Structures are given as structure tokens and as C-alpha cells.
There are 4 protein chains.
Amino acid sequence: MKKEDPKESKQGAILKAAVELFEGRRFDEVKLDEIAAAAGVGKGTLYLYFKNKEDLFAQLAVDGIDGMTERIHEIAAMESAYKERLFLFGREFADFLAKRHGVMGVMNQVQSVPVDKVFRNHHDRMIEAIHELLQKGMDEGALRNDFQVSELRCALVGPILLKIRRAARVGEAIALKALLEFFWAGAAAKRKKGQHD
Amino acid sequence: MKKEDPKESKQGAILKAAVELFEGRRFDEVKLDEIAAAAGVGKGTLYLYFKNKEDLFAQLAVDGIDGMTERIHEIAAMESAYKERLFLFGREFADFLAKRHGVMGVMNQVQSVPVDKVFRNHHDRMIEAIHELLQKGMDEGALRNDFQVSELRCALVGPILLKIRRAARVGEAIALKALLEFFWAGAAAKRKKGQHD
Amino acid sequence: MKKEDPKESKQGAILKAAVELFEGRRFDEVKLDEIAAAAGVGKGTLYLYFKNKEDLFAQLAVDGIDGMTERIHEIAAMESAYKERLFLFGREFADFLAKRHGVMGVMNQVQSVPVDKVFRNHHDRMIEAIHELLQKGMDEGALRNDFQVSELRCALVGPILLKIRRAARVGEAIALKALLEFFWAGAAAKRKKGQHD
Amino acid sequence: MKKEDPKESKQGAILKAAVELFEGRRFDEVKLDEIAAAAGVGKGTLYLYFKNKEDLFAQLAVDGIDGMTERIHEIAAMESAYKERLFLFGREFADFLAKRHGVMGVMNQVQSVPVDKVFRNHHDRMIEAIHELLQKGMDEGALRNDFQVSELRCALVGPILLKIRRAARVGEAIALKALLEFFWAGAAAKRKKGQHD
DNA sequence: TATGAATGAGGCTTCATTCAT
DNA sequence: CATGAATGAAGCCTCATTCAT
């Protein structure tokens with residue numbers, strides 16, 4: 001009980017320090033010395049938990065994705081009206097991206113094949129979760145079903161990602177609600193007269 | 001006249017070589033040696049045309065953006081139906097991103113303040129051009145005007161960017177038309193009966 | 001009595017593991033982690049028995065030398081014909097080298113002054129024992145006495161060392177007998193007719 | 001003419017500096033910084049001429065061996081009495097070892113397979129040259145032919161190597177002549193009466 | 001203008017050593 | 001006595017940048 005925690009908390013501390021150092025900076029701009037210092041551990045300690053710098057960043061990227069994936073499944077399984085679930089997802093996903101988009105951006109640059117594969121694995125699982133959420137919307141008759149799910153996903157996620165990125169850079173306020181409403185306007189199934197969501 | 005051309009072609013050759021080397025790789029993964037070799041020039045020559053590595057990448061990012069900006073203005077000024085102009089933009093913009101999204105991704109990571117500012121300058125001008133295109137759509141009554149232009153831009157560009165990125169990675173075919181239709185479905189102004197675009 | 005044994009056996013286990021790991025590898029190629037693992041003890045335990053890495057290797061080199069020295073004295077004191085004693089020494093010394101030449105080779109590289117001195121001490125004692133053996137041969141009239149003892153030692157030991165080394169590398173069979181016979185052919189005192197060894 | 005020389009002289013300077021720094025020290029004790037400084041070049045320059053530290057040391061070991069090999073062939077081809085040629089070889093080989101035995105010693109420890117192979121290649125060629133010299137002695141009737149050449153080689157070279165090593169350590173004078181005479185005493189073919197060399 | 005040999009700052013990484021348990 | 005997680009000094013090596021030609 002005592003033993004397990006410090007170990008995880010040490011690795012966790014490193015990852016936490018790394019995410020922050022990493023936001024808005026290139027892979028090569030972040031030095032392992034910095035990370036070690038920020039995490040309050042020795043440089044050598046990093047190598048007890050990570051194979052090398054790239055591995056550290058891969059785990060950084062993976063870390064959190066899984067949590068989000070889990071959360072999406074939860075949201076999809078909720079009982080509330082579909083639009084509510086969708087908007088809830090939008091908000092939580094935006095929060096997630098706000099914290100991770102820097103790391104994700106770098107991972108999209110990473111070449112190193114083995115590292116990349118691990119990341120993609122987890123990333124794909126998250127995408128599948130989103131697909132599930134959208135598929136459910138179609139099955140429930142809440143979303144139009146004359147588009148591919150993957151197109152809907154792009155239409156939903158793409159704008160959020162772009163907005164978050166620019167917000168991070170320019171400091172623009174994130175009019176998330178508007179983006180979601182726009183998506184809804186285009187994606188909601190055409191109800192027969194008299195209906196509304 | 002004669003002098004200018006070889007110079008530009010040499011600088012152009014370097015940039016061309018660099019873009020390709022850079023796609024899908026991190027800033028630090030691409031070595032100046034490689035670029036020089038690929039461009040068929042000596043290593044020292046790079047410094048005749050670029051202040052340093054970051055400057056080279058900044059110009060790389062800028063290069064092409066201006067052309068795209070110009071093109072957007074042209075498209076916006078065309079006489080055809082708005083939907084056609086919009087879709088034309090979508091196609092050309094997707095082509096542009098397909099070639100540049102790697103570089104753009106890295107630029108979004110670059111920290112170096114002065115370099116960044118140059119890039120952002122040009123980037124912002126391109127964004128303004130897109131705004132102009134969308135604004136025109138509203139003014140012409142083709143697009144709904146109950147959203148901010150910047151939101152519409154995200155809704156239009158975000159999905160394309162996301163799709164392109166994934167396509168580059170997974171090799172998925174790009175169902176660009178579907179994305180554009182989806183945007184149109186949500187963004188087109190509700191016409192009174194009897195209208196069409 | 002009971003206490004002494006496990007301790008020695010632990011130290012012995014470490015040394016035994018180290019000799020093997022060390023054969024044919026450089027000082028810096030052998031990691032203390034390896035030694036600890038091979039010896040079946042914790043890394044920290046090494047420091048209970050040895051001051052540091054160099055000390056461990058010094059003891060490694062010393063370990064065995066003393067036994068050999070002792071044995072040479074025994075052989076020299078035997079009653080058998082001198083040639084027999086000489087050849088017995090040759091065989092046992094070759095065995096000794098076969099197990100240790102790697103370690104000895106590294107010790108010949110070691111710079112660290114204090115460590116070196118300890119090794120040289122023991123090494124010199126072994127050389128003296130060989131000198132004693134050879135001197136006895138001269139005194140008994142079995143070896144020619146128109147050469148310095150130290151030259152004879154080189155002539156006897158040098159070829160064996162060289163042979164052993166190459167054998168270790170190439171896997172050549174060790175024609176030890178031939179080498180000893182050659183030495184004997186050159187070093188045996190010219191007998192007056194009718195004598196034999 | 002001007003170009004060729006500096007290049008070779010630079011690589012030569014590095015090797016020269018390295019041999020000296022290396023004598024009597026372990027592989028890991030010699031730092032590349034030292035070598036660069038001693039050679040009067042920048043650290044990075046080392047990597048223009050050598051793949052890495054091990055490669056540098058391999059070339060160090062190889063460098064000179066080839067010269068010695070060549071020289072042995074020359075000596076073997078001389079017209080003088082065989083004993084003279086043999087002793088000439090002895091002296092020059094001793095000189096060679098005096099300068100290189102440290103390096104050779106380390107090479108005998110090196111594990112790294114590819115590097116090792118290169119060294120062994122050249123080393124074997126030198127051994128073959130010695131064999132040639134000794135074979136010639138047998139063919140000319142100067143050396144006894146009831147021993148294998150390789151045994152004679154050990155008997156000749158082993159003592160020299162041992163002597164040189166100890167001399168380097170203790171500062172003992174090298175009684176090379178005595179060693180050679182001893183070898184000759186044992187290895188010279190028994191002449192029929194009235195003959196002498 | 002063009003080159004590429006030379007450089008050296010600085011990063012990643014290793015590993016001997018320590019020390020709290 | 002025994003351990004092995006943690007450490008950080010220090011080395012190898014890379015690579016952007018310079019400069020003599």
C-alpha cells in the first residue's frame with residue numbers, strides 16, 4: 001500500500017512535470033535535465049521508468065488518452081438525451097485537448113516506429129470510442145445516418161481541435177458551445193414536424 | 001534577370017527538398033546535411049539563403065502560405081455560385097494541406113519567438129482570407145449569419161485538417177466531398193422556398 | 001567458524017563469477033550489475049567485500065596467484081628428477097594461465113597506483129618462486145648457468161603465455177609438451193657423456 | 001600534393017597522440033577529449049576519421065602492424081646469414097613491441113566483434129610473416145625442423161613480449177641479446193662437426 | 001557565390017556508488 | 001548483513017554553425 005504508491009507517484013510525477021514542460025515546445029527543446037529537475041528526481045531516475053527520451057514522450061502521450069477513452073465509453077452509456085451526451089463529450093474532450101494538444105502534436109511528428117505504434121494503438125482506441133458514441137446517436141435516431149461515422153467524427157472533433165490550438169496560441173476565448181451547436185445543426189437527424197431536441 | 005533566376009531556383013530547390021524531408025518527421029530529426037544533400041548544394045550554402053535552421057523552417061512554412069492566401073482571394077472574387085466557390089476552396093485547401101501539414105504541425109510547436117512571429121503573420125493573413133471568403137458567403141446570403149465567422153472557419157477547416165492528417169498516416173482515402181457537404185448542410189442559409197444556390 | 005564460511009563463500013562466489021565474466025573483455029565492459037547478478041547477490045553487497053570496482057579486480061587478479069606461488073614452492077621442493085618438476089610446473093602454470101590470462105592482461109593495463117601495487121606485490125612473489133625453481137635447476141646442475149635466471153624465466157614462461165592466449169582466441173590445441181621440450185633443449189645443461197636427467 | 005598530406009597528417013597526428021596517451025592505461029581511462037587535445041584537433045574532428053572510440057583504437061592497433069609485417073618480409077628476403085636475419089628481426093620486433101605493447105594488450109581485451117576482426121586480420125598477417133621467416137630458416141637448414149613452426153614462433157616471440165612488458169613496468173634493462181641467444185641455442189639445427197653459423 | 005572540413009557546445013545516456021530500509 | 005532504488009558526475013557523440021579557400 002505504501003510501496004505501490006510512491007513508485008507510481010514517481011513515474012506519475014515525471015509525466016506530470018513533462019507534460020507541462022512540453023506544452024508549446026518542440027521535442028528537442030525540452031531537455032531531460034529540465035524534466036528531472038521539475039519532477040524533483042535525479043536525471044538517472046528517468047531511465048528507471050523510461051527507456052529513453054522518445055519512450056518518455058510516448059508514454060506521455062498515451063497517458064491520459066486511455067482515461068479519455070474510458071470516459072467516452074461512460075458518456076456513451078449514459079441515459080440522458082443524446083444531445084446532452086454529445087455536448088458533454090464535447091466539453092470534456094475540449095478540456096482533454098487543452099491539456100494535451102501540445103503533446104499530441106509532437107506525437108504526430110514522431111517518426112520512431114516502435115514508439116509511434118504504441119501511441120497509435122491507444123489513439124485508435126480513443127477514436128473507436130468516439131465512433132461508438134456517434135454510432136449510438138445514429139442508432140437512436142438522433143443523428144443523421146447518411147454520412148459515414150468517420151466523417152461525422154472529423155466534423156465534430158476537427159473544429160474543436162483547431163479552436164483549442166488557436167486559443168492556446170492567441171488566447172482567444174473558446175466558443176465551444178457555438179461549435180457544438182453548429183455540428184448539431186448539421187448532424188442532427190431531420191425530425192418530422194413538431195419535433196425538437 | 002538572369003541572375004535572379006538561378007538564385008531563386010537554388011533557394012527554391014532547398015525549400016523543395018526540405019519540405020519533403022520534413023513531412024512526418026520532427027524538427028530535430030531532419031539534419032541540415034540531409035537537406036543540403038537532397039537539394040544538391042553544399043552545407044555552407046544553406047547559410048547564404050537562411051539565417052539558421054529555424055529560419056529555414058519558418059520560410060518553409062511561409063512559402064506556399066502566401067500563394068494559398070492569394071488563391072483564396074481569387075476564389076472569393078469569382079463569379080460562380082457560392083457553393084461552387086466554397087467547394088473549390090475546399091479542394092485546393094486540402095491539396096495545400098496535404099503537402100504542408102507536416103511543416104505546419106511543426107511550426108505550431110516552434111517556440112522561437114521571432115521566427116514564430118513571421119510565420120504567424122503570414123498564417124493570420126491566410127486566415128483573414130478565409131474569413132473574407134466566408135463573410136462574402138454571409139453577405140451574399142448563401143451562408144447563415146447567426147454564427148461568428150471564426151466559428152464557421154473552424155467548422156470548415158478543422159475537419160479537413162483532421163482528415164488530411166489521418167489520411168497521411170493511415171492512407172485512408174480522403175472523402176473530402178462528404179466533409180464539404182456536411183459543412184454545407186449545417187452552414188448554408190435556410191432558403192425560402194424556390195431558391196437554390 | 002560457521003560465520004567465516006558463508007562469508008568467504010560469498011566473497012568467493014563473487015570472485016568466481018567475476019573471473020568468468022571478465023575473460024576476454026575489457027575492464028569497462030564488465031558492469032558491476034552483471035557481476036552481482038552472476039554471483040547471485042545484490043549490487044550493494046559487492047561493497048561489503050570490496051572497496052570499489054578496481055579493488056574487486058585487484059583481488060580477482062591476486063586471488064589464485066598466491067595459490068600458484070605456493071604450488072611452485074612445493075614443486076621446487078619435490079624429490080623427482082628436475083626435468084619432471086619443470087614439466088609439472090609447466091603444466092600447472094599453463095592451467096593457471098588458461099583460467100586467468102584475461103584478468104592478468106587487464107591488470108597489466110590498470111593504472112590506478114594503489115591497486116597496482118598490491119597486484120605487483122603478489123605477482124612479484126610468484127616470479128620469485130619461479131626464479132627459485134630455476135635457480136634450483138642450476139644449482140642441481142640440471143640447467144645451464146650461463147644465462148640469467150630472469151632470462152630463463154622469460155624463455156620458459158613467455159612461450160606458454162603466448163600459446164595460451166592464442167589458444168583462447170583461436171581455439172588452437174595447446175602443444176604444451178613441444179614448448180617445454182624446446183625450452184629443455186635450449187636450457188638443459190650440456191651433460192658429459194653418459195649422463196641423463 | 002598539398003591536399004593529400006594534411007589529411008593524412010591529421011589522421012596520423014590523432015593516432016600518434018593516441019598511442020602515447022594509451023600506453024600503460026586502460027581503454028576507459030583514455031578520454032577522447034584528451035586525444036583530441038593532444039592531437040591538437042577539435043573533439044568532433046575525431047569523428048571525421050574514426051567511427052567511434054573503439055574504431056579509433058582498432059586503427060591504432062592496426063597502424064604499425066602492417067609496417068612491421070612488411071618489414072619482416074624484407075628481413076626474410078635478405079641475403080645475410082640466417083642468424084643475422086633472425087637477430088635483426090628480434091631487435092626490430094622488440095622495438096615495435098616496446099612502442100605498441102600497451103595498445104596490443106588492450107586489443108587482446110577488446111570484445112567488440114567487428115573491430116576485433118579487423119585487428120585479427122592484420123595481426124594474423126604479421127604472424128604469417130614470422131612463420132615465413134622461420135620456415136625459411138628450416139628450409140635453409142639453419143633451424144631444426146623437428147618442431148612445428150608455430151611452436152618456434154612462440155618460443156621466439158613469447159620471451160621478447162614478456163621481457164618488453166616487464167621492462168616497461170619495472171624499467172628493467174632489456175637483455176634482448178641473451179633471449180635471442182637462448183632461442184638460437186635451442187633452435188639452431190645441430191650442425192655436423194666443423195660447421196658454425 | 002559556393003563549399004565542406006573543422007569545430008565545440010551541449011545533449012543523452014551510462015553506471016559506479018550510496019544509503020535508507 | 002543485505003539490498004536495490006536513486007543518484008549525478010562524466011563520457012561519448014551529434015550536429016548546427018563557421019570560415020578559409
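Every heavy atom of this structure was used, including side-chain atoms; hydrogens, water molecules and symmetry mates were not. It should be emphasised that the depicted structure is a prediction, and the values quoted were computed from it without experimental measurement. Quick note on labels: first sequence line is chain A, next is B, and so on, each numbered from 1.
Within the nucleic acid shown, D:N52 comes within 4.0 Å of sugar-phosphate atoms alone, with no base atom in reach, counting heavy atoms only.
Side-chain atoms of A:K53 lie closest to E:dC12 of the nucleotides E:dC12, E:dA16, E:dA5. Checking E:dC12, F:dT7, F:dT17 against the side-chain heavy atoms of A:L32 singles out E:dC12 as nearest. Out of E:dA16, F:dT3, E:dA6, the shortest distance to the side chain of C:V41 is found at F:dT3.
Pair check for E:dG8 finds F:dC15; Watson-Crick or G-U wobble, both atom distances under 3.5 Å. When both distances must be under 3.5 Å, the Watson-Crick or G-U wobble mate of E:dA2 is F:dT21.
Taking only distance into account, the side chain of D:K43 meets the base of E:dG10 through a donor-acceptor pair shorter than 3.5 Å.
If you measure from atom CD1 of D:I14 to atom P of E:dA5, you get 14 Å, rounded to the nearest angstrom. Rounded to a whole Å, the CG atom of D:L46 is 15 Å from the C1' atom of E:dA9. If you measure from atom CZ of C:F50 to atom P of F:dA2, you get 12 Å, rounded to the nearest angstrom. Atoms CD (A:Q11) and C1' (F:dA6) sit 15 Å apart, rounded to a whole Å. When rounded to the nearest whole Å, the span between CG of A:D33 and P of E:dA9 equals 17 Å. Between A:L48 atom CG and E:dC15 atom P there is a gap of 14 Å when expressed in whole angstrom units. In this structure, CG of C:L21 is placed 16 Å from C1' of E:dC15, rounded to the nearest angstrom. Look at OH on B:Y47: it is 13 Å from P on F:dC15, rounded to the nearest Å.
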* To do: Evaluate the side chain to side chain contact (heavy atoms under 4.5 Å, CB included) criterion for residues B:D63 and B:L60: first the C-alpha distance (whole Å), next the side-chain angles of each, then the deciding distance (0.1 Å), finally the verdict.
  => CA-CA 5 Å; B:D63 180 65; B:L60 201 60; 5.7 Å; no
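Sequence order on DNA chain F of the closest nucleotides to A:G44 and D:D28 puts A:G44 first from the 5' end. The residue among A:G42 and C:T45 whose nearest nucleotide of DNA chain F lies closer to the 5′ end is C:T45. If you find the closest nucleotide of DNA chain E to C:V30 and to A:K31, the one lying nearer the 5' end belongs to A:K31.
The phosphate of E:dT1 (OP1 or OP2) has no side-chain N or O of B:K10 nearer than 4.0 angstrom.
Separation of atoms CZ (A:F22) and CZ (A:R100) is listed at 11.5 Å; rounding is to 0.5 Å. The CG atom of D:D124 sits 9.0 Å away from atom CZ of D:F119, with the distance rounded to the nearest 0.5 Å. Atom CE of B:M126 sits about 4.5 Å away from atom CE of B:M104, to the nearest 0.5 Å.
In summary, of the residues considered (C:K31, C:R25, C:R26), a salt bridge (Lys or Arg N to Asp or Glu O under 4.0 Å) with C:D28 occurs for C:R26 alone.
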